[in-house]
Protein chains: 2
Amino acid sequence: MKEILMKYMTRHTSLSQAEQQSILEELIVQRFKKGTYLIKQGDSPTKKCFFVLKGCVRQYHIEDDGKEVTTNFYTEEQPILLFNFEEPEAQTSEHSLICVEECLLVVADLESEQEMYQQYSELETMTRRMMETYLSHAQNDFAKFVRASPEERYKTIIRNRPDLPTRIPQHQLASYLGITPESLSRIKKRIQ
Amino acid sequence: MKEILMKYMTRHTSLSQAEQQSILEELIVQRFKKGTYLIKQGDSPTKKCFFVLKGCVRQYHIEDDGKEVTTNFYTEEQPILLFNFEEPEAQTSEHSLICVEECLLVVADLESEQEMYQQYSELETMTRRMMETYLSHAQNDFAKFVRASPEERYKTIIRNRPDLPTRIPQHQLASYLGITPESLSRIKKRIQ
DNA sequence: ATGGTGCATTGACTTAAGTTAAGATGAGAG
DNA sequence: CTCTCATCTTAACTTAAGTCAATGCACCAT
């Protein structure tokens, strides 16, 4: 299963096969059952980060008024970071992470991550570039999302992540798109 | 003027004062007049990135239908990255960057950046963390924005960046918020 | 001073999303 | 097999943003 990560590293770094191999050997891959919480809102913030090899993790948040809002879906080849950084002063996590399906994740804690960077400085370069790329994409997505109507948002998501609608319940997708389930239902009907 | 950057580095790194000093000496700080383009949509993508010491840079985009949309405002202590990463295959820049005010910017190209990382590996660690932090914030902002009404978006922006409305014309702010100038005008009236 | 241009505001109308509530469907538990 | 719960759909109504158009205002150049 680690070949997914190897493929990813090859695409994003100039590390040699040998280096990649030794890095892979230090990684911890863990299997999680559907419904498992990686972290719950209110827990002390996790020191871990993840990389999705297989499966789907939903990030959500319970608001003050009790409403649940889905803020992200992480699927294959996506990193799950944050939480360590989002609110350094906060003593509890703002979000929950739950496995929507059976998941295979790379699990890393901050200390071992730091050690690996010291061992392989190229790895930190890769991570930096990866972060820059993700940030750039996030800013682009944001800009597009801002001026898109709910209908356009839906069209965009089925174009960019066509697997999502089949993997998750529609009301969660609606929440992720920032609209009501009723609206999503109408949009689907409108565009057939 | 570089003390702004020094302050920034102290906040975000564990580099010594001496190290910081020698890094600062290698940096290029440049002054730009109001109305100067850092890059124009259609130009070949820049190899440069910037850090705002003073002033305000607007990022915008002309859409296929000819409409101009403002996608970002960069002000004091914000980095302007992207462009190198956003569309590696694209041969022309998707955006324009224009100085809204007289600006003082740190200008770095990718080559000298790479050299400095080799010289000061801690600097790359700082950049990686900075990117992680920005990404984390971007994801959070995104999640909040998604489910906010235009009115809530306006309230949020005047809370988080109270200087913006006074620095830029309102129709550009409206564009940035993803709404029409008419709507923004009505919102302002509604909330007094 | 004056005309022009760009920007902000206001109004009338259209459109689509939110809200509330009621059914329809489907899967899982007992 | 049936009951239950969750999900999705549909409908009626409300609300606010988009659109189009007119007006007002301020700044600039001539």
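Letters A, B, ... mirror the listed sequences (proteins, then strands); counts begin at 1. Side chains included, hydrogens not; waters and symmetry mates left out as well; all remaining heavy atoms used. Model, not experiment: these values are computed from the prediction.
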Open item on the list: Under 4.0 Å from OP1 or OP2 of dA17(D): is there any side-chain N or O of Arg190(B) that close?
Closed with: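 Looking at the OP1 and OP2 atoms of dA17(D), one of them is under 4.0 Å from a side-chain N or O of Arg190(B).
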Open item on the list: Applying a 4.0 Å non-hydrogen cut-off, can you work out what Leu184(B) is touching in the nucleic acid: base, sugar-phosphate, or nothing?
Closed with: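 Counting heavy atoms under 4.0 Å across all strands, no contact is made by Leu184(B).
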- [ ] Check the angle between the aromatic planes of His61(B) and His95(B) and answer parallel, tilted or perpendicular using the 30° and 60° thresholds.
- [x]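 The arrangement is tilted - the two ring planes meet at 30° to 60°.
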Task: Heavy-atom closest contact (Glu152(B) atom, Arg147(B) atom, distance) - done: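 Heavy atoms of Glu152(B) and Arg147(B) come nearest at OE1-O, 3.9 Å.
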Open item on the list: Can you measure Lys189(B) atom NZ to dA17(D) atom P for me and round it to whole angstrom units?
Closed with: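 For the pair Lys189(B) NZ and dA17(D) P, the rounded distance is 14 Å.
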Return yes if a side-chain donor-acceptor contact under 3.5 Å exists between [X] and [Y], otherwise no.
X         : Y         : value
Thr92(B)  : Gln41(B)  : no
Tyr176(B) : Gln172(B) : no
Ser112(B) : Glu26(B)  : no

Open item on the list: Donor-acceptor check, side chain of Arg167(B) to backbone of Gly55(B), threshold 3.5 angstrom: yes or no?
Closed with: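 Side chain of Arg167(B) to backbone of Gly55(B), a donor-acceptor pair under 3.5 Å: yes, one is there.
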Open item on the list: Has Ser136(A) got a side-chain atom pairing as donor or acceptor with Glu132(A)'s backbone, closer than 3.5 angstrom?
Closed with: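 Such a contact is absent between Ser136(A) side chain and Glu132(A) backbone.
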Open item on the list: Which residues in residues 159-178 of chain B have a heavy atom closer than 4.0 Å to any atom of DNA chain C?
Closed with: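 Contacting residues: Pro169(B), Gln170(B), His171(B).
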Task: Start and end of chain A contact along DNA chain C [non-hydrogen atoms, under 4.0 Å] - done: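 So the contact region on DNA chain C extends dA17(C) to dA21(C).
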Open item on the list: Is there a path of hydrophobic side-chain contacts, each under 4.5 Å between heavy atoms, that joins Met130(A) and Ile4(A)?
Closed with: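 Yes, it is one cluster - the side chains of Met130(A) and Ile4(A) are joined through contacts under 4.5 Å.
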TODO: Nearest-nucleotide wise, let me know which of Glu182(B) and Ile187(B) is further upstream toward the 5' end of DNA chain D.
DONE: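 On the 5' side of the pair lies Ile187(B).
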